[in-house]
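One structure is given here, and the rest of the page talks about it.
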Amino acid sequence: MLDLKFIRSHPELVKAGAAKKRMECDVERILELDESNRQAMQAMDELRSKQKQAGKAIAEAAPEERAQLAQNQKGLKTELKECSEGQALIEAELNELMLRVPSVPAEEVPEGVDDGDNVELRKWGEPRSFDFSVRSHIEIGEMHGWLDIVRGARLAGSRNYVLKGDLCLLEHAVLRYALDTMVGKGYTAVTVPTLVRTQTMVGTGYFPGGEDQAYRCDERDDLCLVGTAEVPLTALYQDEILDGADLPMRLVSSSTCYRREAGTYGKDTKGLYRVHQFQKVEQVVIDVADEGRSIEHHLAILDNSEQILQALELPYRVVNVCGGDLGQAQVQKFDIETWMPSREGYGETHSASRFYDFQSRRLSLRYRGEDGKVRHCHTLNNTVAASTRMLIALMENHQTASGQVRVPEPLQLYLGGRELLPA
RNA sequence: GGAGAGGUGGCAGAGCGGCUGAAUGCGCCACAUUGCUAAUGUGGUGUCCCUUCACGGGGACCCCGGGUUCGAAUCCCGGCCUCUCCGCCA
């Protein structure tokens, strides 16, 4: 959410920002509502002020005068009620619109309509050239009995899967390696709920707008399954005022992620690339409201993930996501795309976002600075390792002619020292 | 699932329907005092909105949302959460 005062004083900036993101945003209507809302609130404040004074007079009056005085107040009461009903309507529409205003993308965000316009910043590693016919992760998985897509679908519908044996162990190895690496960098490991209240989805910016992408409980429970641990981690301190001395806060969580993938029929239907459920280690940073520091964190969390990919010997590229491909909440986003031989291309495996105070405002996540002032925090997040897509990259990039998978050095520790799967 | 208790400021903990944004204690900040520290004294110490160049002024908030009333932290209804006992259970 943007600061209403900011919209008031920089309407053109907000409009230009929305345009860059290719999003609708009726700034004029917001300004209109804001104006009438403030008028209505002032009128109400005056009425209430009168009411308070009159109330005091009644309290001090002699008992026999009270009934008469109270009678005189009835008009005030109805006037106030009418006034507040009108104001509530205005405010409801204003809030509705405010929740949909996108954050203003950074200068460095490239112009563009969709992911085709994302700008490649750098590449690391050379995609391997194979002297045998390359197998997809599905072929490798099925030849060893590691991957069972048929039974996954039988259990839970399409885009579900079962991992068995060494592939299951490899998944745990990657996740644990990712978690340990982040803890080694000073991050605090956290286990969080993956089923959260609707309010938390709104607070992190997924709702309104993303309802179709989230699994929700029925009306008995106001709960949604999260698509990423970003949601509970970022919202961990919602409605609190943190001590500035405790910032920055660096958090990492390994969790299950659930995605409906609505509107993706026919897209990436094969294998583990686009699935409804996976495991992910996610990093989140919460810090003071300082754009310079946010940018530093953004580069740092991007680098954390690049180090993991390098250690796992997986070629990747980093792209600067263009305006049209940015979400409502992000100020800037860098995606890391890892080489996947079966796709003969790079596939998105990581997404590093910075929000400034966009999420914090919705979450009412604040801190008290050294000067004693209360401000909204800045938040950021990035993938450390998402299980299924990392498994695709590991299996396909490190496959041998016989269909075995070479285990990169950092993971061997977690796989009983084995260098090849199956051993 | 059954039966109770409760949700008040950073924490603890009062609060008759009007004089309560809220006693008191602790914590915290400032000043004073004191070889240092500790102790003591005095004052201050929530968030948000509107308004004002400023000083200031007005309003909201005692879990959330409704209601009763001239007036609600205080009464009524619904929700959420916490705790205790019983049952069930990974």
Side-chain angles (χ1 to χ4, degrees), chain A residues 1-9 30-99 191-203 207 216-224 232 235-247 249 256 288-289 357 359-377:
Chain A
M1 192 157 58
L2 294 182
D3 186 353
L4 191 48
K5 286 177 192 156
F6 177 83
I7 301 179
R8 217 180 278 156
S9 50
I30 287 172
L31 294 176
E32 235 173 75
L33 288 165
D34 172 43
E35 182 60 36
S36 39
N37 187 227
R38 276 183 295 156
Q39 279 177 14
M41 284 200 306
Q42 270 188 54
M44 266 173 49
D45 283 356
E46 278 169 35
L47 285 173
R48 271 199 277 245
S49 181
K50 271 193 215 168
Q51 192 181 49
K52 273 188 151 180
Q53 286 179 346
K56 272 183 193 169
I58 292 174
E60 287 161 7
E64 55 273 19
E65 292 171 7
R66 285 193 183 176
Q68 183 55 45
L69 284 171
Q71 193 59 32
N72 296 341
Q73 289 312 111
K74 291 231 173 183
L76 242 168
K77 189 187 180 181
T78 53
E79 198 181 342
L80 187 58
K81 188 166 186 182
E82 278 170 28
C83 207
S84 77
E85 277 168 4
Q87 187 269 335
L89 284 176
I90 296 167
E91 194 177 80
E93 188 185 346
L94 181 58
N95 289 154
E96 183 87 4
L97 290 177
M98 283 298 287
L99 283 177
T191 297
V192 283
T194 49
L195 204 47
V196 302
R197 291 175 192 276
T198 300
Q199 186 49 50
T200 303
M201 297 297 283
V202 173
F207 292 176
R216 309 176 78 171
C217 290
D218 65 32
E219 56 288 342
R220 289 176 300 173
D221 301 290
D222 174 37
L223 296 169
C224 306
L236 187 56
Y237 300 103
Q238 67 186 113
D239 296 321
E240 292 190 42
I241 298 175
L242 302 172
D243 184 342
D246 294 335
L247 301 176
M249 206 133 6
T256 309
V288 298
D357 60 7
Q359 292 180 314
S360 294
R361 279 184 190 283
R362 293 168 161 247
L363 289 166
S364 191
L365 166 60
R366 297 172 294 173
Y367 71 98
R368 193 180 305 278
E370 280 178 30
D371 57 1
K373 284 211 170 119
V374 174
R375 295 187 185 80
H376 289 93
C377 297

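Residue numbers start from 1 in every chain, and the chains themselves are labelled A, B, ... in the order their sequence lines are given, proteins ahead of strands.
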Nearest-Å distance once atom [atom1] is located in both [N] and [M]:
{"N": "B:rC80", "M": "B:rC26", "atom1": "P", "result": "39 Å"}
{"N": "B:rC62", "M": "B:rA12", "atom1": "C1'", "result": "16 Å"}
{"N": "B:rU47", "M": "B:rC55", "atom1": "C1'", "result": "23 Å"}
{"N": "B:rG7", "M": "B:rU74", "atom1": "P", "result": "12 Å"}
{"N": "B:rG44", "M": "B:rG9", "atom1": "C1'", "result": "15 Å"}
{"N": "B:rA14", "M": "B:rG66", "atom1": "P", "result": "29 Å"}
{"N": "B:rC63", "M": "B:rC50", "atom1": "P", "result": "25 Å"}
{"N": "B:rG46", "M": "B:rA23", "atom1": "P", "result": "11 Å"}

Item to check | Distance, nearest 0.5 Å, that separates SG of A:C224 from CG of A:L195 | outcome: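 Interatomic distance, A:C224 SG to A:L195 CG, rounded to 0.5 Å: 8.0 Å.
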
Item to check | Between CD1 on residue A:I30 and CG on residue A:N37, distance to nearest 0.5 Å | outcome: 12.5 Å

When all nucleic acid strands are considered with a 4.0 Å heavy-atom cut-off, which category describes [X]: base, sugar-phosphate, or nothing?
{"X": "A:E46", "result": "nothing"}
{"X": "A:R220", "result": "nothing"}
{"X": "A:K77", "result": "base"}
{"X": "A:K56", "result": "nothing"}
{"X": "A:K5", "result": "sugar-phosphate"}

Does [N] pair with anything, Watson-Crick or G-U wobble, both distances under 3.5 Å, and if so, with which nucleotide?
{"N": "B:rC62", "answer": "none"}
{"N": "B:rA39", "answer": "none"}
{"N": "B:rA5", "answer": "B:rU82"}
{"N": "B:rG27", "answer": "B:rU45"}
{"N": "B:rC89", "answer": "none"}
{"N": "B:rG17", "answer": "none"}
{"N": "B:rU74", "answer": "none"}

Take atom [atom1] of [X] and atom [atom2] of [N], then tell me their distance rounded to the nearest Å.
{"X": "A:M44", "N": "B:rC48", "atom1": "CE", "atom2": "P", "result": "20 Å"}
{"X": "A:Y367", "N": "B:rG46", "atom1": "OH", "atom2": "C1'", "result": "18 Å"}
{"X": "A:N95", "N": "B:rG65", "atom1": "CG", "atom2": "P", "result": "13 Å"}
{"X": "A:I241", "N": "B:rU45", "atom1": "CD1", "atom2": "P", "result": "16 Å"}
{"X": "A:L223", "N": "B:rC80", "atom1": "CG", "atom2": "P", "result": "11 Å"}
{"X": "A:R375", "N": "B:rU47", "atom1": "CZ", "atom2": "P", "result": "13 Å"}
{"X": "A:D222", "N": "B:rG65", "atom1": "CG", "atom2": "C1'", "result": "14 Å"}
{"X": "A:L47", "N": "B:rC50", "atom1": "CG", "atom2": "P", "result": "19 Å"}

Under 4.0 Å from OP1 or OP2 of [N]: is there any side-chain N or O of [X] that close?
{"X": "A:R368", "N": "B:rG10", "result": "no"}
{"X": "A:S49", "N": "B:rG59", "result": "yes"}
{"X": "A:K373", "N": "B:rG46", "result": "no"}
{"X": "A:Q42", "N": "B:rC50", "result": "no"}

Checklist entry - Are A:D371 and A:K373 close enough for a salt bridge, meaning some N to O gap below 4.0 Å? => result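 A salt bridge is absent here (no side-chain N lies under 4.0 Å from a carboxylate O).
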
Checklist outcome for this item: Among B:rC70, B:rA60, B:rU51, the one nearest any side-chain atom of A:I58 is B:rC70

Item to check | Listed nucleotide nearest any side-chain atom of A:M41, set B:rA60, B:rC49, B:rG71 | outcome: B:rC49

Next on the checklist: Using only atom types and a distance under 3.5 Å, with no angle test, would you say the side chain of A:R368 pairs donor to acceptor with the backbone of A:I241?
Outcome noted: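 A pair under 3.5 Å: no.
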
Checklist entry - Ignoring hydrogens and geometry, is there a side-chain-to-backbone donor-acceptor pair from A:S360 to A:H376 under 3.5 Å? => result no

Checklist outcome for this item: Smallest heavy-atom separation, A:I90 atom then A:L33 atom, equals CG2-O, 3.5 Å

Checklist entry - Given that A:D3 and A:R48 both sit by RNA chain B, which one's nearest nucleotide is further toward the 5' end? => result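 The residue closer to the strand's 5' end, by nearest nucleotide, is A:D3.
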
Checklist entry - Closer to the 5' end of RNA chain B via nearest nucleotide, is it A:R38 or A:V374? => result A:V374

Checklist entry - Does any N or O donor sit under 3.5 Å from an N or O acceptor when you compare the side chain of A:D45 with the base of B:rG58? => result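 Yes.
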
Checklist entry - Name the one of A:R216, A:R362, A:Q199 that satisfies side chain to side chain contact (heavy atoms under 4.5 Å, CB included) with A:F207? => result A:R216

Item to check | salt bridge (Lys or Arg N to Asp or Glu O under 4.0 Å) between A:D3 and A:K5, worked out | outcome: CA-CA 5 Å; A:D3 186 353; A:K5 286 177 192 156; 5.6 Å; no

